[in-house]
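Have a look at the structure below before the remarks.
The analysis underlying the following values was restricted to heavy atoms, covering all of them including side chains, and did not include hydrogens, waters or symmetry mates. Nothing fancy with the numbering, it's 1 onward along the sequence.
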Amino acid sequence: MKLFSRTPLATALLGYVLSAGAPALADDAVESERKALPLTELRMFADVFDRIKQAYVEPVDDRKLLEDAIRGMLTGLDPHSAYLEADAFESLQIHTRGEFGGLGIEVGLEDGFIRVIAPIDDTPAQRAGVRAGDLIIKLDDTPVQGLGLSEAVDMMRGEIGTPIRLTIMREGRDQPLELELKRDVIKVASVRHQVLEPGYGYLRISQFQSHTGQDLVAAINKMQQDGALKGLVLDLRNNPGGVLQAAVEVGNAFLKEGLIVYTEGRLPNSELRFNANENTAAPDTPLVVLINGGSASASEIVAGALQDQQRAVIMGTDSFGKGSVQTVLPLGEDRAIKLTTARYYTPGGRSIQAQGIQPDLRVEDARLTRIDGRERVKERDLAGHLENGSEAERSAAASSDLSSRDFQLYEALNLLKAMQILQRGSSVD
């Protein structure tokens with residue numbers, strides 16, 4: 001057996017990986033790493049490679065073996081380093097941009113079928129009449145049952161302008177309904193906003209994308225057009241993170257000075273510091289930030305910065321604890337490696353990694369129920385009573401509905417109201 005007949009391939013592989021990271025390394029660091037390569041382990045690698053090529057039950061392509069070796073090296077490091085093949089690399093770019101060719105449907109898996117959670121406004125799905133609650137049972141001629149959610153989503157995405165036929169079951173109809181759609185550019189809105197009550201705004205960030213910072217500022221400005229904001233809730237629950245720069249921009253929307261986040265790693269260019277500037281959207285508006293166990297990475301950067309700078313009250317439960325930085329290093333045109341290169345630290349020097357952000361006020365997700373369900377007779381129950389017609393009456397009804405839908409958000413709104421009352425009291429003194 002020629003134990004070292006494949007050594008050049010193994011050496012080429014390791015050299016390729018090093019050269020891919022070379023732009024981030026100083027010349028002397030690269031030279032030092034190359035000198036430190038363990039020859040015994042390289043010989044073992046070549047030996048294993050050769051044995052697989054000669055003895056495995058089926059022929060194995062060299063390219064597949066080498067890609068599997070790269071994948072193994074990266075997955076053995078930590079849960080977030082990975083080898084990105086063409087599809088995974090493209091998917092990562094799509095999530096970063098928040099834009100892709102598709103139908104515009106938010107979906108979930110239910111009993112083997114695809115359940116429509118909601119169609120996105122002004123998309124092919126919404127224009128074709130797809131409704132929340134519809135069950136998709138076929139995509140073109142392919143039955144959905146048995147497909148994974150990711151497989152079904154991949155089938156619905158595609159080149160802009162290409163057609164697809166959805167067969168759906170809808171409540172109230174005995175027969176399936178067929179809808180013809182054409183894929184179009186879908187822009188995923190990472191920021192949603194609404195006015196909970198007059199003067200109190202709600203901002204929801206589902207994921208940090210390249211345009212999230214701009215979208216957040218636009219949402220704040222839009223709500224401020226209706227009058228000065230007495231308070232804001234920033235909802236980062238179940239937000240898995242995303243683009244670092246977007247997190248910095250979101251932090252800067254509420255901070256006019258000071259450190260937002262810094263990173264530390266082995267390489268000189270992995271040590272970065274990001275500071276707030278005066279281009280802020282809401283520097284003084286009372287702020288409550290909601291987090292939970294699904295808040296990770298960029299979400300934790302924002303929450304940690306606002307907490308350390310004493311700019312916001314953090315409410316909810318402990319965050320996930322992903323405080324590492326991943327750098328995407330392209331390998332050719334359609335592949336890349338995602339490599340952990342640094343750790344995040346809050347302005348106060350706290351490492352987020354495996355620790356997370358602990359809320360200032362712990363509020364578990366819960367359902368609010370009344371202890372005394374008896375209704376007492378009030379003025380509005382009397383025949384012929386005068387209507388109030390005030391905004392306060394409508395606000396009370398809205399708050400009651402919110403308490404049953406989202407207890408944590410309800411508590412955040414109550415806290416903002418309490419802060420407003422205390423602020424009024426201190427100004428009177």
> Yes or no on side chain to side chain contact (heavy atoms under 4.5 Å, CB included) for Ile136 and Val116, after CA distance, side-chain angles and deciding distance?
Replying inline: CA-CA 7 Å; Ile136 301 175; Val116 175; 4.0 Å; yes
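- For the residue pair Tyr83 / Arg335, a side-chain donor-acceptor distance below 3.5 Å is found, with atom types taken as modelled.
- Enclosure of atom CD in Glu41 by more than 12 non-hydrogen atoms of other residues, nucleotides or ligands within 6.0 angstrom is indicated.
- Nearest heavy atoms, Lys64 versus Val60: CD-CG1, 4.4 Å.
- Using a cut-off of 4.0 Å between Lys/Arg side-chain N and Asp/Glu carboxylate O, Lys138 and Glu178 are scored as not salt-bridged.
- The two residues Pro119 and Ala132 come nearest to each other via the heavy atoms CD-N, 4.0 Å.
- Other residues, nucleotides and ligands contribute over 12 non-hydrogen atoms within 6.0 Å of the CZ atom of Arg127.
- Panel note: side chain Asp140, backbone Ile164; no donor-acceptor pair is recorded below 3.5 Å.
- Side chain of Asn292 to backbone of Asn238: a donor-acceptor contact under 3.5 angstrom is found.
- Asn239 and Ser295 share no side-chain donor-acceptor pair at under 3.5 Å.
- Side chains of Ser270 and Thr341: a donor-acceptor N/O pair is absent below 3.5 angstrom, by distance only.
- Within the 4.5 Å cutoff, no side-chain heavy atoms of Arg343 are placed close to those of Ile352.
- One distance of note links CG of Leu166 with CD1 of Ile137; it measures 10.5 Å at 0.5 Å rounding.
- Using a 4.0 Å cut-off between charged side-chain N and carboxylate O, Arg71 and Asp68 make a salt bridge.
- The two residues Phe254 and Thr280 have their closest heavy-atom pair at N-OG1, 3.6 Å.
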>> The test is side chain to side chain contact (heavy atoms under 4.5 Å, CB included); show your working for Arg405 and Tyr410 and say whether it passes.
In response: CA-CA 9 Å; Arg405 285 190 294 106; Tyr410 172 71; over 6 Å; no
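- Smallest separation of non-hydrogen atoms from Tyr202 and Met223: N-SD, 4.0 Å.
- The distance from atom CG of Leu177 to atom CZ of Arg170, rounded to the nearest 0.5 Å, is 5.5 Å.
- Distance check, rounded to the nearest 0.5 Å: CG of Leu416 to CD1 of Ile421 gives 11.0 Å.
- Counting only heavy atoms from C-beta outward, the side chains of Arg183 and Glu159 never approach each other to under 4.5 Å.
- The nearest pair of heavy atoms linking Thr317 to Val363 is CG2-O, 3.9 Å.
- In this structure, Phe208 and Leu236 have side chains that are in contact, with non-hydrogen atoms separated by less than 4.5 Å.
- With respect to the salt-bridge test (charged N to carboxylate O, under 4.0 angstrom), the residues Glu197 and Lys230 do not qualify.
- Within the 3.5 Å criterion, the main-chain N or O of Gly321 finds no donor-acceptor partner in the side chain of Gln355.
- Side-chain atoms of Ser351 and Tyr344, non-hydrogen and from C-beta on, never get closer than 4.5 Å to each other.
- Ion pairing of Arg237 with Asp406 is present here, as a side-chain N (NZ or NE/NH1/NH2) and a carboxylate O approach within less than 4.0 Å.
- Taking NZ from Lys222 and CD from Gln194, the interatomic distance works out to 12.5 Å, rounded to the nearest 0.5 Å.
- At least one side-chain heavy atom of Pro176 sits less than 4.5 Å from a side-chain heavy atom of Met169.
- Look at Arg192 and Asp235 and you find no salt bridge, because none of the NZ, NE, NH1 or NH2 atoms lies under 4.0 Å from a carboxylate O.
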> After noting the C-alpha distance and the side-chain angles of Leu179 and Val130, does the key distance pass the side chain to side chain contact (heavy atoms under 4.5 Å, CB included) rule?
Replying inline: CA-CA 8 Å; Leu179 299 176; Val130 176; 3.8 Å; yes
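- In this structure, Ile314 and Leu361 have side chains that are not in contact, with every pair of non-hydrogen atoms separated by 4.5 Å or more.
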>> Checking Leu287 against Leu234 for the side chain to side chain contact (heavy atoms under 4.5 Å, CB included) test, could you report, in this order, the C-alpha distance in whole Å, the side-chain angles of both residues, the deciding distance, and whether it holds?
In response: CA-CA 7 Å; Leu287 180 65; Leu234 177 62; 4.1 Å; yes
> So Asp215 and Thr212, side chain to side chain donor-acceptor pair (under 3.5 Å) or not? Walk me through it.
Replying inline: CA-CA 5 Å; Asp215 292 348; Thr212 297; 5.7 Å; no
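- Proximity of a side-chain donor or acceptor of Ser319 to a complementary backbone N or O of Ile291 within less than 3.5 Å is not detected.
- Here the shortest heavy-atom pairing between Asn279 and Asn252 reads O-ND2, 3.0 Å.
- Phe320 CZ: 12 or fewer foreign heavy atoms inside a 6.0 Å radius.
- Rounding to the nearest 0.5 Å gives a distance of 8.5 Å between CD1 of Ile260 and CD of Gln309.
- Proximity of a side-chain donor or acceptor of Glu300 to a complementary backbone N or O of Ser297 within less than 3.5 Å is detected.
- At a threshold of 4.5 Å between non-hydrogen side-chain atoms, the residues Ile337 and Leu84 do not count as touching.
- Looking only at atom types and distance, the side chain of Arg350 has a donor-acceptor partner in the side chain of Gln307 under 3.5 Å away.
- The pair Asp62-Lys53 counts as a salt bridge, with a side-chain nitrogen and a carboxylate oxygen less than 4.0 angstrom apart.
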>> Arg115 vs Asp134, test: salt bridge (Lys or Arg N to Asp or Glu O under 4.0 Å). Steps then yes/no.
In response: CA-CA 6 Å; Arg115 171 77 72 177; Asp134 285 347; over 6 Å; no
> Given the rule in the side chain to side chain donor-acceptor pair (under 3.5 Å) test, do Ser324 and Gln326 qualify, once you have shown the distances and angles that lead to the verdict?
Replying inline: CA-CA 7 Å; Ser324 58; Gln326 281 69 49; 3.0 Å; yes
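- The distance from atom CD1 of Ile114 to atom CG of Leu139, rounded to the nearest 0.5 Å, is 7.5 Å.
- Listed for the Asp318 side chain is no donor-acceptor partner under 3.5 Å among the backbone atoms of Gln358.
- Under a cutoff of 6.0 Å and an axis angle of 45°, Arg273 and Tyr262 form a cation-pi pair.
- For the pair Glu180/Arg165, a side-chain contact is recorded, criterion being any heavy-atom separation below 4.5 Å from C-beta on.
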